[in-house]
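A quick write-up on the structure given underneath.
Numbered from 1 within each chain, the chains take letters A, B, ... in sequence-line order.
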Number of protein chains: 2
Amino acid sequence: MQNKYIQIYRDTADKIQQGVFPAGAKLPSEHELMETHETSRETIRKALHLLAQNGYIQKVQGKGSIVLDARKFDFPVSGLVSFKELAGTLGDTHRTLVEKLELGVPDDVIQTELQCAPDHQVWEVHRVREIDGEKIILDKDYFKQMFIDNLTEEICRHSIYDYIEHELHMSISFAKKEIVVVEPTDEDRQYLDLGGCQHVVVVKNHVYFDDASLFQYTESRHRPDKFKFVDFARRIQGGT
Amino acid sequence: MQNKYIQIYRDTADKIQQGVFPAGAKLPSEHELMETHETSRETIRKALHLLAQNGYIQKVQGKGSIVLDARKFDFPVSGLVSFKELAGTLGDTHRTLVEKLELGVPDDVIQTELQCAPDHQVWEVHRVREIDGEKIILDKDYFKQMFIDNLTEEICRHSIYDYIEHELHMSISFAKKEIVVVEPTDEDRQYLDLGGCQHVVVVKNHVYFDDASLFQYTESRHRPDKFKFVDFARRIQGGT
DNA sequence: AAGTATATCTTGTATATACAAGATAGTAAA
DNA sequence: TTTACTATCTTGTATATACAAGATATACTT
């Protein structure tokens, strides 16, 4: 019940994932899609552009749209995916332990990361992610209180993203990620089953709303042997 | 001397990076840009869409285009960037040592990764990247010979990507990346200055041409304390 | 048989128009 | 003063047309 081109995008993406359009095959031409969806060519092209951007197809001038192999996306840590969504696709037994839930003024580092004034209140949430009985991930989240009034342990155990999007009706738009590898802190050793690992993988995340306002900073600290990140990258059009 | 919308994209991206349009400010409206660039609105919109996609701006309906903080581009391992380009932005003293340059039939693992027949010839290139006197990265590249006839040590020391794009005039289009952390192999220990590190960060890369043909598989093996990956991710339009 | 030209299919670029929808400032009414 | 409306600015969606450019199959010529 929304935009035509997004509907066509989702429809086609589903068909690709279901194998209706198998990898290596060609999609129907823009003209054909135009007729089957009873719309204009530009609308079809917008949908195809989205598919190309998200790694579903490759457009080749003069030839058509080739369906790419989407099986590589079985572990979508890329893009913006919350642990809840991720754990769902994995199908493993997983559990979230809320170790900390506090509202207060954060230290200098977090103030800088969140670009907030020294008197701003910030939610601090620490959650340990357990998969198959092992404590694999320590998520340290910092939310500006001006965006989120109330936060309960129940919400934290479930999915904060769900709460923000479906209860508060705020739209998450984009994020800046940074992945580094560091030595474990005492906190890491305390909460995670590191088993002698001398490194943790840290995914730092700055998350923004639709209006470009920064509302969250997250550090997701992973046990290295359980970490995996997949990404689809297109060459920048009109690069250097 | 190419597409208008790509020219406008590059022009505007440059201006953002140079601070002509500072972070937090608003770009001129589409109507204004239309007049200054003497073009249609759709062409402007294509350029703005590219800027948004690559993290330069955020579009807000009814308001305008807000310039984002582009300092994240200080270490662009994201997207498709070769070591040559990367080292250039770092400005450090760097060196590339070609440890291996062979044409032959690869083992099963590589055959699978490159999706090639058992009799296909494949270039195997091992390069060690040295920065400030330390051997930090071991790049293991595998190229299908059907795409690249000849490969010299000189080309490998310089930039294979340069050679492919500017000499062979083939256009690299997209890549699938995967980042994992593993224990060092004997090879890693032999070629890299690991200094007792018990992990290496492996970036696996499948690189494709414009026509969706797979031509390269790369394993970039990094010393963990020198590894950094930055990414800009937009929430998938019309997601689950 | 081999090469060449042509017609026709495909996607790419550029333009134009119309209306919808969100944001904002000013004006008028309560 | 406060509220509500309205005009007008912004971007978003949908449509149409024209031509450029790459790919391909057919028919024709050599």
Do the side-chain N or O atoms of [X] get closer than 4.0 angstrom to the phosphate oxygens (OP1, OP2) of [N]?
X	N	value
B:Ser40	C:dA14	no
A:Arg41	D:dT15	no
A:Thr39	D:dT15	yes
B:Tyr5	C:dT13	yes
A:Ser29	C:dC9	no
B:Lys59	D:dG12	yes

Rounded to whole Å, how long is the line connecting atom [atom1] of [X] with atom [atom2] of [N]?
X	N	atom1	atom2	result
B:Ile66	D:dT10	CD1	C1'	12 Å
B:Glu42	D:dA14	CD	P	12 Å
B:Leu51	D:dT11	CG	P	13 Å
A:Leu48	C:dT11	CG	P	8 Å
B:Arg45	C:dT13	CZ	C1'	16 Å
A:Met34	D:dA14	CE	P	15 Å
A:Lys4	D:dA16	NZ	P	9 Å
A:Gln61	C:dC9	CD	P	17 Å

Residues [X], [Y]: salt bridge by 4.0 Å N-O rule:
X	Y	answer
A:Glu30	A:Arg41	yes
B:Glu153	B:Arg157	yes
A:Asp14	A:Arg10	no

Note, A:Gln145 side chain near A:Leu103 side chain (heavy atom, < 4.5 Å): yes

Around atom NZ of B:Lys26, are there more than 12 heavy atoms of other residues, nucleotides or ligands at under 6.0 Å? no

From the set D:dG12, D:dT24, D:dT15, return the single nucleotide nearest to any side-chain atom of B:Glu30. D:dG12

Want to settle it: does A:Val60 or B:His31 sit nearer the 5' end of DNA chain D, counting the closest nucleotide to each? B:His31

